[in-house]
Amino acid sequence: MTSKKTIKSAFESMMFVWGEPLDVRVAAELFNINWKDAYDYFIELKEEYEQEGRGLQIRETNKNFQFVTNADNVEYIERLCTPVKEKRLTQQALEVLAIIAYKQPVTKGEIESIRGIKCDRVIEGLTKKDLIVEVGRSNGIGRPILYGTTDSFLRHFGFTTIKELPDIEDIAGAMNLDDLEEIVETGQLAIEF
Amino acid sequence: MTSKKTIKSAFESMMFVWGEPLDVRVAAELFNINWKDAYDYFIELKEEYEQEGRGLQIRETNKNFQFVTNADNVEYIERLCTPVKEKRLTQQALEVLAIIAYKQPVTKGEIESIRGIKCDRVIEGLTKKDLIVEVGRSNGIGRPILYGTTDSFLRHFGFTTIKELPDIEDIAGAMNLDDLEEIVETGQLAIEF
Amino acid sequence: MAYKVKLDMFEGPFDLLVYLIENSEMNIYDIQVALITKQYLEHIEKIKALDVAVATEFMVLAAVLIEIKSKMLLPRFKPEGELGFEDDPRAELVEKILEYKKFKQAAELLDRQEEYNQSIFEKPKEDLTRYTREPDEYLNLDINQFAVAFTLFLNKKKRVEEIKKNYSRVERQKLSIEDKIKQIFKFIKEKAHKKITFNELLGEDDGKYEKIVTFMSVLEMIRLRAIHVNQTITFGDITISMNEEKRRGSHDK
């Protein structure tokens, strides 16, 4: 006679590989036991998983048993299964971001006058990506919105504070001019004049 | 901050739906926790299932965790259904694999000199099965390819890490005992090995 | 067929050699080379009958065995009181056999481990589509990219500003009010001093700047009383005619 503990353990393994709901009668037959006893064992198992609040639960459907995930964890499973898509910022967006990073707090008008081109869409996109945020309103005519960078912006570049932004002179110095020209020539970065 | 109990429960659900070994780092990222903490949680779960002698067990392969059945229940599972078993490796393949596992990174030349026979075919086969992989090139003449074992290798043989491979001197020692006794008797034991 | 079985049994020359040594219950450190070589060559003959290519692989070790066997026949120098067989012709072979045996045993271990693992079952991945949502956008940003973009922008801005400076200078030279007034006089003369309209003064390609200059010129000409202007409807076209008195007056001078 197989021990109850062994049978219960076997039931767990069997449910796991079976995938589909496992019929109590089929399971009972394999151990030559009464189906009612088998049913009790399944119910005991079900209660154990329930009481321990496990991520696995046992679901009964008309005397068939099956492992399922705990409904409370759907959100986490969704997070696990949601693919991540790599996205790069466009040259335009990088320009606007750079202006905001260096001149913050800054109004859209100021950005546009530096770039000589409208940038409503770009600002909208950067806001959605949580890289910039409205930080207040200017005292100028029409009290335009002031923009600044977010903590998420700092995290992306691995900065602790905005002070860690490279000095503008440094950027120019650190950049190898040949590389730059090459980038421009090969059109890796599209620029509009 | 999500509670430890919630995270552990979520890990169970995630492992269950994922089927394949789940990377600790991926799991940790979803909760924005340190991967070492996540690792500890997985180990705690693994031990819980072990101690309770559950029909489900958690298997680690190089910091990846996965639900598997308890090996003790194979007989019952086979009574229920005929699970598809992987084809066993040939003696040749096992020999080459053993040399690679213990001597990695290792070149084909080194393997062949130990076995005294060519092994291109075997290496090709093991690579296809994803049990070995090219890990670089030796600095020797002709810069031959170096081979090493993969995570699939660990999973196939049920090792947690490559460090878990038994010490080769121990295996050899235990098996050479007869030879040794004979040598001691005949007083020939004068070399170190 | 019996040979085939034998052939499959041996994974290589060392495998065969180890088998022969163990089968004859020989001490590995005291191999009877003559006997083993004889048995080894016999096996190669059998293998050759089946597969010449495979047999060739076994030949290298056969040659080694024969060489050792011949060396064994020569008297060996062994210093008094020293044990061991450093100059034993078999030493290197023994080492290689031991090395091979080590891995053969490791292979057996893997074999057992593989067998055990076959009693453990995984489950397939669930259908994840019910959990899958729209992909999360993951932003790939690095400081170099950022710096390149900003530097490019600064350079571009500098160039644009230089171009603008030159451009506006050219524009100013091209379009002064004085020049425009001369143009308008010339145009009216060409029209034989008939009434013209303001629209006729504008070219098709004229930009805002040219239009303004033209208008300013007309205003200037009114101030100088050189022309009469008339607009019958609001926003209607403006008719322009020469102030004949002024013209005559100037002619009289």
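Residue numbering restarts at 1 for every chain, and letters A, B, ... go by the order of the sequence lines.
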Return a table of donor-acceptor pairs under 3.5 angstrom between the side chains of residues 120-130 of chain B and protein atoms on other chains or two or more places apart.
from: B:Asp120; atom 1: OD2; to: B:Lys108; atom 2: NZ; distance (Å): 2.8
from: B:Thr127; atom 1: OG1; to: B:Ile123; atom 2: O; distance (Å): 2.6
from: B:Asp130; atom 1: OD2; to: B:Ser152; atom 2: OG; distance (Å): 2.9

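Ranked by heavy-atom pairs under 4.5 Å with chain C, the list B:Leu97, B:Leu165, B:Leu89 is led by B:Leu89. Between chain B and the residues C:Ile120, C:Asp127, C:Leu110, the largest count of heavy-atom pairs under 4.5 Å involves C:Leu110. Listed options C:Lys96, C:Glu95, C:Lys125 were ranked by heavy-atom pairs under 4.5 angstrom with chain B; first place goes to C:Lys125.
Look at C:Glu114 and B:Arg88 and you find a salt bridge, because one of the NZ, NE, NH1 or NH2 atoms lies within 4.0 Å of a carboxylate O, short of that distance. Salt-bridge formation is not detected for the pair C:Asp15/B:Arg115: no Lys NZ or Arg NE/NH1/NH2 atom is positioned less than 4.0 Å from an Asp or Glu carboxylate oxygen.
Of all non-hydrogen atoms in B:Ile117 and C:Gly12, the two that sit nearest each other are CD1-CA, 3.8 Å. Scanning both residues, C:Gln113 and B:Gly158, for their nearest heavy atoms gives NE2-O, 4.3 Å. When all heavy atoms of B:Lys103 and C:Glu99 are compared, the closest pair comes out as NZ-OE2, 3.5 Å. Scanning both residues, C:Ala106 and B:Ala98, for their nearest heavy atoms gives CB-CB, 3.8 Å.
At a 4.5 Å heavy-atom cutoff, the contact between C:Glu115 and chain B is made by backbone and side-chain atoms alike. For C:Pro124, the part lying near chain B is the backbone, with the side chain staying farther off; criterion is any non-hydrogen pair under 4.5 Å. For C:Leu61, no part lies near chain B; criterion is any non-hydrogen pair under 4.5 Å. Neither the backbone nor the side chain of B:Thr90 comes within contact range of chain C; no heavy atom of the residue lies under 4.5 Å from a heavy atom of that chain.
Distance check: C:Phe121 CZ to B:Cys81 SG gives 7.5 Å after rounding to the nearest 0.5 Å. The OG atom of C:Ser119 sits 8.0 Å away from atom CD of B:Glu78, with the distance rounded to the nearest 0.5 Å.
Summarising the local packing, CD of B:Glu164 is surrounded by more than 12 heavy atoms from other residues, nucleotides or ligands at distances under 6.0 Å.
Remark: side-chain polar atoms of C:Lys123 are paired, donor with acceptor, to backbone N or O of B:Phe16 under 3.5 angstrom.
Remark: of the listed residues B:Val96, B:Ile111, B:Ile168, B:Ile168 is the sole one forming a side-chain contact (heavy atoms from CB on, under 4.5 Å) with C:Phe103.
Using a 4.5 Å cut-off between non-hydrogen atoms, the part of residues 40-72 of chain B that approaches chain C consists of B:Arg59, B:Gln66, B:Phe67, B:Val68, B:Thr69, B:Asn70, B:Ala71.
The side-chain heavy atoms of C:Glu122 and B:Pro21, taken from C-beta on, include no pair separated by under 4.5 Å. Put simply, the side chain of B:Trp18 reaches to within 4.5 Å of the side chain of C:Leu128, judged on heavy atoms.
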